[in-house]
Amino acid sequence: MEQLVEYFAQNHDKLLYALAGIILVVELTVLGLGGPLLFIGIACAITGVFVTTGLLSSWESEIFSVGLLSLINAMLLWKPLKNLQGPSKVSDSSSDMIGQIVPVSEQVTRNGGSIRHSGINWQARLDSSSNVETLDSGERVEICAVEGNVMIVKVQG
């Protein structure tokens, strides 16, 4: 063990490569390419290259390089990697009623009311993001979610 510590103390670039490998393995297996360890792992690998080529020679500059490169990697790669993960809003397909346009049968508020769908009156309430307070009888609304037997509705459009 002592020889290993001495080896890495003499060969900072190999230590940085080992850290990069360990960090990237943890990132890929545990966090699923969604955490900040990816940026630190890439920074360790790049700093290892700088040490190997002789651009950096002191441990202070190596630590500074890892920190600065982690920040730069995060700023450059965060948005593209986020876009690769797919859309942030997933459409709800838990019910075939979602997306249907239906009439209000009794005034609907954030607390309750009812709509008419397939000849049946259903309990309903306004979606929390809705910009209106009430929907009067006869207005057309869109079912945007289903919570148990309550339809969550919003103004059509």
Side-chain angles (χ1 to χ4, degrees), residues 1-102 108-112 115 117 122-133 135 140-157:
M1 183 66 171
E2 190 176 312
Q3 291 175 336
L4 185 62
V5 171
E6 191 173 318
Y7 175 77
F8 283 134
Q10 298 294 324
N11 299 292
H12 292 183
D13 56 340
K14 307 297 191 282
L15 175 63
L16 288 165
Y17 294 141
L19 282 173
I22 291 168
I23 288 170
L24 291 174
V25 166
V26 168
E27 173 72 31
L28 292 172
T29 57
V30 176
L31 301 175
L33 204 62
L37 289 180
L38 173 68
F39 308 125
I40 297 169
I42 293 171
C44 283
I46 294 170
T47 302
V49 171
F50 290 163
V51 172
T52 301
T53 59
L55 293 173
L56 298 174
S57 59
S58 69
W59 64 269
E60 294 95 348
S61 61
E62 294 166 14
I63 291 172
F64 179 75
S65 174
V66 169
L68 183 64
L69 288 171
S70 296
L71 181 66
I72 291 170
N73 287 332
M75 290 181 354
L76 293 176
L77 298 176
W78 184 266
K79 197 162 195 136
L81 289 174
K82 207 65 168 158
N83 290 338
L84 286 176
Q85 292 179 345
S88 59
K89 186 173 184 176
V90 178
S91 63
D92 185 358
S93 61
S94 60
S95 171
D96 60 349
M97 289 193 265
I98 294 174
Q100 297 289 320
I101 308 298
V102 296
V108 176
T109 66
R110 294 189 196 285
N111 297 325
I115 59 170
H117 182 270
W122 293 85
Q123 294 178 9
R125 71 172 190 264
L126 274 170
D127 182 41
S128 60
S129 64
S130 183
N131 56 359
V132 296
E133 295 297 318
L135 296 169
R140 310 270 304 157
V141 295
E142 179 180 348
I143 301 172
C144 58
V146 177
E147 292 179 2
N149 64 343
V150 178
M151 306 300 129
I152 309 301
V153 298
K154 63 182 180 181
V155 178
Q156 180 183 353

Legend entry - Shortest non-hydrogen contact between A124 and V153, atoms and distance: CB-CG1, 4.4 Å
Legend entry - Flag side-chain contact, heavy atom, 4.5 Å: Y17 against V49: yes
Legend entry - For V25 against T29, the heavy-atom pair lying closest together: O-OG1, 2.7 Å
Legend entry - Residue among V141, L135, I152 satisfying side chain to side chain contact (heavy atoms under 4.5 Å, CB included) with L126: L135
Legend entry - Reported CG-to-SG distance for the pair L19 and C44, which is rounded to 0.5 angstrom: 5.0 Å
Legend entry - Distance (rounded to the nearest 0.5 Å) between I115 CD1 and R140 CZ: 11.0 Å
Inset, instruction - Would you please say whether a donor-acceptor pair under 3.5 Å links the side chains of N111 and T109? - result: no
Legend entry - Side-chain heavy atoms of L77 within contact of I42, under 4.5 Å: yes
Legend entry - F39 CZ to I72 CD1 distance, which is reported to the nearest 0.5 Å: 13.0 Å
Legend entry - Name of the residue among L37, L28, L38 meeting side chain to side chain contact (heavy atoms under 4.5 Å, CB included) with I23: L37
Inset, instruction - Examine distances only and state if a side-chain atom of R125 and a backbone atom of M151 form a donor-acceptor pair shorter than 3.5 Å. - result: no
Inset, instruction - Mind listing the closest non-hydrogen atom pair of R110 and D127 along with its distance? - result: NH1-O, 3.0 Å
Inset, instruction - Please examine the side chains of S129 and K154, heavy atoms only from C-beta on, and report whether any two atoms are closer than 4.5 Å. - result: no
Inset, instruction - Working to the nearest 0.5 Å, report the span between OG1 of T47 and NE2 of H12. - result: 13.0 Å
Legend entry - Least distance between heavy atoms, S130 atom then V155 atom: OG-CG2, 4.5 Å
Inset, instruction - Look up atom CG in L68 and atom OG in S61, then write down how far apart they are to the nearest 0.5 Å. - result: 12.0 Å
Inset, instruction - If the plane angle is over 60° it's perpendicular, under 30° parallel, otherwise tilted; pick one for W122 and H117. - result: perpendicular
Inset, instruction - Mind checking the CD1-CD1 spacing from I101 to I143? Nearest 0.5 Å is all I need. - result: 8.5 Å
Legend entry - L15 and W59, any side-chain heavy atoms less than 4.5 Å apart: no
Legend entry - Heavy-atom pair of closest approach, residues I40 and S70: CA-OG, 3.4 Å
Legend entry - Residue E6 excluded, over 12 heavy atoms near CD under 6.0 Å: no
